[in-house]
Amino acid sequence: MIILEATGAIFSITGAYLMSLSSKENTRPLYFGFISFFISNLALLTFFILNGKVPVIIQMILFFITAILGIYKLTKNKKRDVSIISGVLFVYSLVLVFTILPNIKNIDFNILPIDFTASLIAIVGSFLLSSHNHLIRSYAFICFFLADIIFVYIGYSNAYFFFMIQSVFFIYTSAKGYHNTMKSEIDIFLNKYKKQ
């Protein structure tokens, strides 16, 4: 299971870093970030199913949807990307059916309020992030910042150390993503403040 957690963390960190490079004018890093998150979600969905974390499982499923939406909205070759995503999901479905579902009754599923809160905030942020409007994307980074503070605690308290490291990194990329997305507005505000 640690391989799933590590794979999810590596691709999540890569995706967050790429998204933090996006700006009002340049959405290409967002496209590659959504691809990285799609890969990460495959690993983390499996990891959290095996650990029975229901809110985070729901979050990962919805992150699949938002990653697919993000890829679809930002790609320059829709037909190619839809084919690749469909193929990956088909193979993943086979893996779930033949390896995880037969053992599902052995998993202790639970819903903790802290897991639910962090997942809900992250889900809202993920939907906002796929917007073409940079102001709406800025709200997504605020959501991620708050959710990742909670996820650091969840990772620490459950000994999900790769997940915890990923969440610490996400706190940084959320702040950086917000700054890059709102750079022109921040510069205008700072210039007005300096003049006073």
Side-chain angles (χ1 to χ4, degrees), residues 1-19 30 32-73 84-101 103-104 106-130 140-141 143-171 173-174:
M1 280 205 303
I2 199 163
I3 292 172
L4 290 170
E5 184 189 3
T7 301
I10 289 165
F11 279 99
S12 284
I13 288 170
T14 302
Y17 175 73
L18 288 167
M19 288 188 174
L30 276 177
F32 290 110
F34 278 120
I35 291 171
S36 292
F37 278 132
F38 181 79
I39 296 166
S40 168
N41 292 337
L42 287 173
L44 289 177
L45 175 61
T46 309
F47 176 76
F48 286 114
I49 287 173
L50 294 171
N51 283 284
K53 292 282 190 183
V54 175
V56 189
I57 292 167
I58 294 167
Q59 174 189 331
M60 289 300 129
I61 291 168
L62 292 174
F63 275 15
F64 266 133
I65 295 166
T66 57
I68 291 167
L69 284 174
I71 293 167
Y72 188 78
K73 284 182 180 180
I84 291 170
I85 289 168
S86 299
V88 169
L89 288 177
F90 176 74
V91 171
Y92 184 72
S93 297
L94 291 176
V95 170
L96 279 178
V97 168
F98 291 110
T99 60
I100 294 175
L101 290 181
N103 300 310
I104 203 99
N106 298 328
I107 299 171
D108 180 27
F109 289 97
N110 56 66
I111 301 174
L112 300 176
I114 193 160
D115 296 348
F116 178 80
T117 303
S119 293
L120 182 62
I121 295 170
I123 288 165
V124 170
S126 188
F127 276 105
L128 296 175
L129 192 61
S130 64
F141 288 113
C143 287
F144 291 143
F145 186 85
L146 296 173
D148 286 314
I149 290 171
I150 301 170
F151 280 131
V152 168
Y153 172 78
I154 291 169
Y156 177 77
S157 62
N158 289 281
Y160 303 155
F161 295 116
F162 284 108
F163 184 72
M164 184 181 74
I165 291 166
Q166 161 194 318
S167 299
V168 168
F169 185 77
F170 281 6
I171 291 170
T173 56
S174 298

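- To the nearest 0.5 Å, atom OH of residue Tyr153 and atom OH of residue Tyr156 are 9.5 Å apart.
- Between the CD atom in Gln166 and the CD1 atom in Ile171 there is a gap of 11.0 Å [rounded to 0.5 Å].
- Atom OH of Tyr72 sits about 15.5 Å away from atom CD1 of Ile65, to the nearest 0.5 Å.
- Contact check for Phe170 versus Thr173: side-chain heavy atoms found under the 4.5 Å cut-off.
- Here salt bridge (charged side-chain N to carboxylate O under 4.0 Å, His left out) pairs that include residues 37-65, with residues two or more places apart or in two chains, are Lys53-Asp115.
- In terms of heavy-atom proximity, Gly155 sits nearest to Phe163 at CA-CD2, 4.1 Å.
- Counting only residues at least two apart or on different chains, no salt bridge (charged side-chain N to carboxylate O under 4.0 Å, His left out) pair has a member in residues 54-73.
- Residues that satisfy the side chain to side chain contact (heavy atoms under 4.5 Å, CB included) test with Ile121, not counting sequence neighbours, are Thr117, Cys143, Leu146, Ala147, Ile150.
- Taking CG of Leu18 as the reference point, atom CZ of Phe11 lies at 11.0 Å (rounded to 0.5 Å).
- For the side chain to side chain donor-acceptor pair (under 3.5 Å) test, residues two or more places apart in sequence or in another chain that qualify with Gln59 are Ser119.
- Taking OG of Ser167 as the start and CD1 of Ile154 as the end, the distance is 8.0 Å to the nearest 0.5 Å.
- Qualifying side chain to side chain donor-acceptor pair (under 3.5 Å) partners for Thr66, counting only residues two or more places apart in sequence or in other chains: Ser126.
- Within 6.0 Å of the CD1 atom in Ile2, the count of heavy atoms belonging to other residues, nucleotides or ligands does not exceed 12.
- Looking only at side-chain heavy atoms (C-beta outward), Phe109 and Ile104 come within less than 4.5 Å of each other.
- In this structure, Leu89 and Ile68 have side chains that are in contact, with non-hydrogen atoms separated by less than 4.5 Å.
- Remark: Phe169 CZ is packed, more than 12 non-hydrogen atoms of other residues, nucleotides or ligands lying under 6.0 Å away.
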Just list the side-chain donor-acceptor pairs under 3.5 Å for residues 35-51, sequence neighbours left out, or say none.
from  : atom 1 : to    : atom 2 : distance (Å)
Ser36 : OG     : Phe32 : O      : 3.4
Ser40 : OG     : Gly8  : O      : 2.8
Ser40 : OG     : Ser12 : OG     : 2.4
Asn41 : ND2    : Phe37 : O      : 3.0
Asn41 : ND2    : Phe63 : O      : 3.3
Thr46 : OG1    : Leu42 : O      : 2.9
Thr46 : OG1    : Tyr92 : OH     : 2.5
Asn51 : ND2    : Phe47 : O      : 2.8

